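Data block below; observations after.
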Amino acid sequence: MPIDVAAHVVANHALSTDYNVLSLAAPGLTTTAAPGQFVMIKAGRGHDPLLRRPFSIFEVLRDERGTPTGISILNKRIGVSTGLVYDARPGQRVDCLGPLGRPFTIVEPPNEAWMVAGGVGLAPFAELATALRGRGIATVLFYGARSGAELFYLDFFRGLGVELVLTTEDGSLGERGRIVAPLDRRLAAQPAESALMVYACGPEGMLAATARTAARHGRRCQVSVERLMGCGLGGCYSCVVPMRTDDGRSHHVRSCIAGPVLAGDQILWD
Amino acid sequence: MPIDVAAHVVANHALSTDYNVLSLAAPGLTTTAAPGQFVMIKAGRGHDPLLRRPFSIFEVLRDERGTPTGISILNKRIGVSTGLVYDARPGQRVDCLGPLGRPFTIVEPPNEAWMVAGGVGLAPFAELATALRGRGIATVLFYGARSGAELFYLDFFRGLGVELVLTTEDGSLGERGRIVAPLDRRLAAQPAESALMVYACGPEGMLAATARTAARHGRRCQVSVERLMGCGLGGCYSCVVPMRTDDGRSHHVRSCIAGPVLAGDQILWD
Amino acid sequence: MDLSVRIGSMTLKNPLIAASGCFGYGVEYADVFDISILGGLATKGLFLSEREGHPPPRIVETPAGMLNAIGLQGIGASRFVEEKLPQLRALGATVIVNVCGTTIAEYAEVSRIVSDAEGVAAIELNISCPNIKEGGIQFGCSLTGTFAVVDAVRKVTQLPIIPKLTPNVTDVASFARAAEEAGADAVSLVNTFLAMVIDVETRRPKISNIVGGLSGPAIRPIAVRMVYECRQMVKIPILGMGGIADARDALEFIIAGAAAVQVGTANFVDPFVWTKLLDGITDYMQRHQIARLSDLVGTLDTRTGDAAGISA
Amino acid sequence: MDLSVRIGSMTLKNPLIAASGCFGYGVEYADVFDISILGGLATKGLFLSEREGHPPPRIVETPAGMLNAIGLQGIGASRFVEEKLPQLRALGATVIVNVCGTTIAEYAEVSRIVSDAEGVAAIELNISCPNIKEGGIQFGCSLTGTFAVVDAVRKVTQLPIIPKLTPNVTDVASFARAAEEAGADAVSLVNTFLAMVIDVETRRPKISNIVGGLSGPAIRPIAVRMVYECRQMVKIPILGMGGIADARDALEFIIAGAAAVQVGTANFVDPFVWTKLLDGITDYMQRHQIARLSDLVGTLDTRTGDAAGISA
Ligand SMILES: Cc1cc2nc3c(=O)[nH]c(=O)nc-3n(C[C@H](O)[C@H](O)[C@H](O)COP(=O)(O)OP(=O)(O)OC[C@H]3O[C@@H](n4cnc5c(N)ncnc54)[C@H](O)[C@@H]3O)c2cc1C
Ligand SMILES: Cc1cc2nc3c(=O)[nH]c(=O)nc-3n(C[C@H](O)[C@H](O)[C@H](O)COP(=O)(O)OP(=O)(O)OC[C@H]3O[C@@H](n4cnc5c(N)ncnc54)[C@H](O)[C@@H]3O)c2cc1C
Ligand SMILES: Cc1cc2nc3c(=O)[nH]c(=O)nc-3n(C[C@H](O)[C@H](O)[C@H](O)COP(=O)(O)O)c2cc1C
Ligand SMILES: Cc1cc2nc3c(=O)[nH]c(=O)nc-3n(C[C@H](O)[C@H](O)[C@H](O)COP(=O)(O)O)c2cc1C
Ligand code: FES
Ligand code: FES
């Protein structure tokens, strides 16, 4: 049961010239939010920009008593609305519709959980890691970015006891190259009898590679896909992902209500 | 030679639930500004609202050395853009094009100057009064509003040595009724040989009444008209006012470049 | 206060209809708000068989609007009747089925199937989808084609028939007239404006179908003008739409001549827009002492002169 | 880098033209910026005699657009030639005269007068003004009328003739074709979309003329589509316009098939937009290693498939 909250900006922390974390006071919104769910945000007034934009719930904010007071989003500026989110001032109003979509399915011990993040794809993993570690699950974060300056919140994950495997395209931090390489090696080294779930979020290409790699090693993989979304509620059919049906046909699935978290091995990656 | 300045809000003083004074840092803009001129302002980003809106230059802001640093505008919230101006936050960017239009023609002693303002029509008179008093001209401000709570900057004008004649529609301050009534009486009482210029700014109806009254008493009257303006530079022909030509025909004059200050007795008031 | 709207044998409790393709099959919104508060809802366009629609990207945002080329992905008439209609009935929705066809025979067949089913209030004939070659636009852009489709469907159903007109024509009112002469109970307008957006960096269209349909506030002033033109031309009710985002917008269409209004794109921006629209219209009627909404329809005052002074 | 554009005998130093009715007579902007940096400027529409135009209000803002019904207020052809043209020559402007008429004879006569004058580079035939009954729209909405006007003007002038097309038709490309067959050197499109805005409190139109022409970013996606359609239909150059506000928008039109672009409403919002457009286009050509702007015209890549993945 999503609600629409006229949230107010409580803080805006710039992480880089492209990335920021926007904290929003949105009481009520987060009472049912689960890791992997998203919100539809309207940062500007007027009709330009017109549509809301989807953002993963990065952190659930809580007061000293632990009651949820709002959310934060990890934003990467790539255009109009992410630009507005980057420039948002404390006190400013940001309409926030959610929580929306199918969350990650959280495994139980003795499963291990491997999270694979590319760039801003880190967003859903802060809450997921918290949930996983809360269940005492051994958790690894494979996290790749363009450079070390764009690898964020590392101490947060370390603090949770999450093992970090980092890659950067320029080699400035961790291994040089793409994140799928160390994932592949580690999957190969993993004993077959161990139980394991792969979670992935990031650019389309990285998701495809991760899903294929996991499948090749016979591992289950949940991917959170990114599609242009007009409504976030199943109304417009803009967000479809081609998926394999049980009878082997291809079917356009609405990623806003069937996803954003989908089974990696059922997506027909082009 | 108008310029376009990406001005920043330095202060926003709310005067009432409808009125505010917005101070803008706009170096360069005001070097040539004269009383009665206006600026075209774009308060929002994006294409909605699309067009700029015209605002009189209320005050020329100066640093301690007296060099102009920007302007303030007296804003009355009646719609989208005046709403944005009312809600503007310090630091926010407001595009500011100007100075534009024909200013008031300032009389010389022994002329007296009578300024007639209705509501937000007060805006151009702060700078005009300063200029007039600087020349030692006896100046009266006839100022009408809905109620006493909407009569602003009275001390400012008193401080300049401007005589105030006030009216309110609810009688809460000054004489009850419209401002043209006391103007009419005072014009009737004024010795015929005295030299006098009437300046008026406010709602269309008040301007028409003032112009007619001044004419009936044989007094010159400069009115600052308010028209919907698309460009403020003579490009769109949206802002026209029907005026009498020398050969007695009616002609649509562009009030943004021929005005906003026009000769009251040449306008064809409908 | 009476907000009801009569369209042929169908009565809507209020003039607010969720526009086709912008509200899924309706059931998607059941856990967002109580959809029985709507005057009605138009389903996603339905052909005889299932369709997968166009590959993504299917939408792109434009200034105060959006472009879409979904390609009428849908489950087809029979599955709709079996899977969705019962739920919609249970939810208390007034269902208007948006009927598509690639041939006149298909329009008639789909119409027959939904007419036989229980719980369908009216048929909206989509002869105006700009996004697929066989989207009926060939009927929607020809007067004889429009007449022929309505005439054929008229023979197979007792339900109110509401052809949905395309704005991509020189004289939309003549199409409304053709529909009326063929026995339509009302007309819906406007569908989307054929448009395109180019990614200048890649020099490719922004949506896979190259061209798409423009909707949203951007088109509202054109749509209002078209409703006004049709109002002069036909007697049957007009379901007006195109960019309605708030009560003022809806009232514009009603004053221009729309008996009811549909809202599409605005439902994407704010799925809770419906109560705001309802409250705004009710408040307006109170302020202006209008007892029956029907008394407001087409009451635009076009006497010139007074319109002049802006201070008015 | 070569930004020049050839249109018949006229060469523009760059593709940026101030759109008719949005730049006064050009002289108004002389003390705002150096108007000789423009590729060209189209004057306010000119009839044989002076016109006072419609009473105010003449414009109203709409979402990402504006509605106007100025009513072609203007000083007439002869006064323009005497009073404005000499100044424009002195300012180094490339002048395109926007010619209006209530009869074919008037189009021809106005064209003759401006052709005889010194300093006119081309004639833009306004057969598409939606705002006045006698605004030539009766010619612009009929293929034979379009042909007849161009044909008549062709006989009285050596100047490039550029009919300006209305978007308020089903198939704009067929009008471009008719103009080409009649001997036009280029076509301009689009003029404004017939539209209306209602003040719901007074139930009156927001502008005195009841209906007006919609312009601005709101219409851009429709205009781009129309330019693209015309590009497939005619060989003569297309002057594209409709909602251009920045370099990206202008490039969209050029990639869709426009040899040059006109900018109207955006000049109201920002009279200094011209240098921004010029810089943006130059920067784009550098980044994409395009030496001649003409190499970019109509280079839209419509191969489908790849367009799919949004991450692309
Ligand atoms: C479920 C979900 C969760 C998301 N979570 C986050 C998040 O936590 N943080 C975050 O920063 N972003 C997130 N995104 C992506 C974010 O929604 C887009 O970056 C945003 O919509 C872009 O809007 P804009 O107005 O800034 O860009 P626009 O100005 O609309 O577009 C700029 C350019 O980017 C392209 N573009 C637009 N949207 C996308 C997209 N989704 N993927 C790829 N290219 C696109 C456009 O085609 C255009 O070329 C998420 C997306 C989804 C679907
Ligand atoms: C030369 C000049 C100087 C001005 N100086 C000031 C000033 O110093 N302070 C100030 O507060 N205002 C001033 N105005 C008026 C101001 O420009 C308008 O109030 C403003 O444009 C309204 O914009 P909006 O977006 O808030 O209203 P919109 O949302 O555009 O319109 C709201 C409603 O108000 C009506 N409206 C819009 N503009 C006007 C207008 N000019 N007159 C009457 N009704 C209108 C519209 O038709 C609509 O019904 C001035 C106008 C001019 C021409
Ligand atoms: C994503 C999307 C899908 C649409 N699908 C359909 C459809 O299947 N059938 C139809 O008749 N109209 C369809 N339309 C058109 C809308 O019903 C409506 O006519 C148009 O969007 C204008 O209204 P609006 O501006 O309120 O959205 C669709 C519009 C959008 C935006
Ligand atoms: C206020 C105004 C006046 C116009 N006057 C004319 C005119 O006299 N002749 C003409 O051919 N087009 C006229 N137009 C149309 C523009 O030249 C242009 O075709 C249209 O506005 C679309 O471009 P834009 O969106 O960049 O404004 C006018 C447009 C506006 C907004
Ligand atoms: S975003 Fe609208 S259906 Fe998924
Ligand atoms: S506002 Fe454009 S001509 Fe005056």
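Residue numbering restarts at 1 for every chain, and letters A, B, ... go by the order of the sequence lines. Predicted model only: the values in this text are computed from it and were never measured.
- Counting heavy-atom pairs closer than 4.5 Å to chain D, the top residue among B/V241, B/L97, B/L51 is B/L51.
- Atom CD1 of D/I59 sits about 8.5 Å away from atom SG of B/C231, to the nearest 0.5 Å.
- Rounding to the nearest 0.5 Å gives a distance of 9.5 Å between CG of B/L233 and CD of D/E28.
- The two residues D/R58 and B/Y237 come nearest to each other via the heavy atoms NH1-O, 2.8 Å.
- Under the 4.5 Å side-chain criterion, counting only non-hydrogen atoms from C-beta, D/E52 is not in contact with B/P242.
- When the candidates D/G53, D/A64, D/C22 are compared by the number of heavy-atom contacts under 4.5 Å with chain B, D/A64 comes out ahead.
- The structure places CD1 of D/I70 at 6.0 Å from SG of B/C236, a figure rounded to the nearest 0.5 Å.
- Among D/G216, D/G26, D/G65, D/P63, the residue making the largest number of heavy-atom pairs under 4.5 Å with chain B is D/G65.
- The neighbour count for D/R203 CZ, taken as heavy atoms of other residues, nucleotides or ligands under 6.0 Å away, is above 12.
- Annotation for D/P57 and B/L228: closest pair CB-CD1, 4.0 Å, computed over non-hydrogen atoms.
- Of the residues considered (B/M229, B/H251, B/R254), B/H251 shows the highest number of contacts with chain D, using heavy-atom pairs under 4.5 Å.
- Look at D/E61 and B/R53 and you find a salt bridge, because one of the NZ, NE, NH1 or NH2 atoms lies within 4.0 Å of a carboxylate O, short of that distance.
- Counted within 6.0 Å of CZ on D/R248, heavy atoms from surrounding residues, nucleotides or ligands total more than 12; the atom is thus considered enclosed.
- With rounding to the nearest 0.5 Å, the separation of NZ in B/K42 from CG in D/D270 is 10.0 Å.
- Contact of D/F272 with chain B is made through the side chain alone, with heavy-atom distances under 4.5 Å.
- Proximity of B/D4 to D/P271: side-chain heavy atoms (C-beta onward) are nowhere separated by under 4.5 Å.
- Taking CE of B/M40 as the start and CZ of D/F268 as the end, the distance is 10.0 Å to the nearest 0.5 Å.
- Contacts of D/A245 with chain B are made by side-chain atoms alone, with heavy-atom separations under 4.5 Å and no backbone atom involved.
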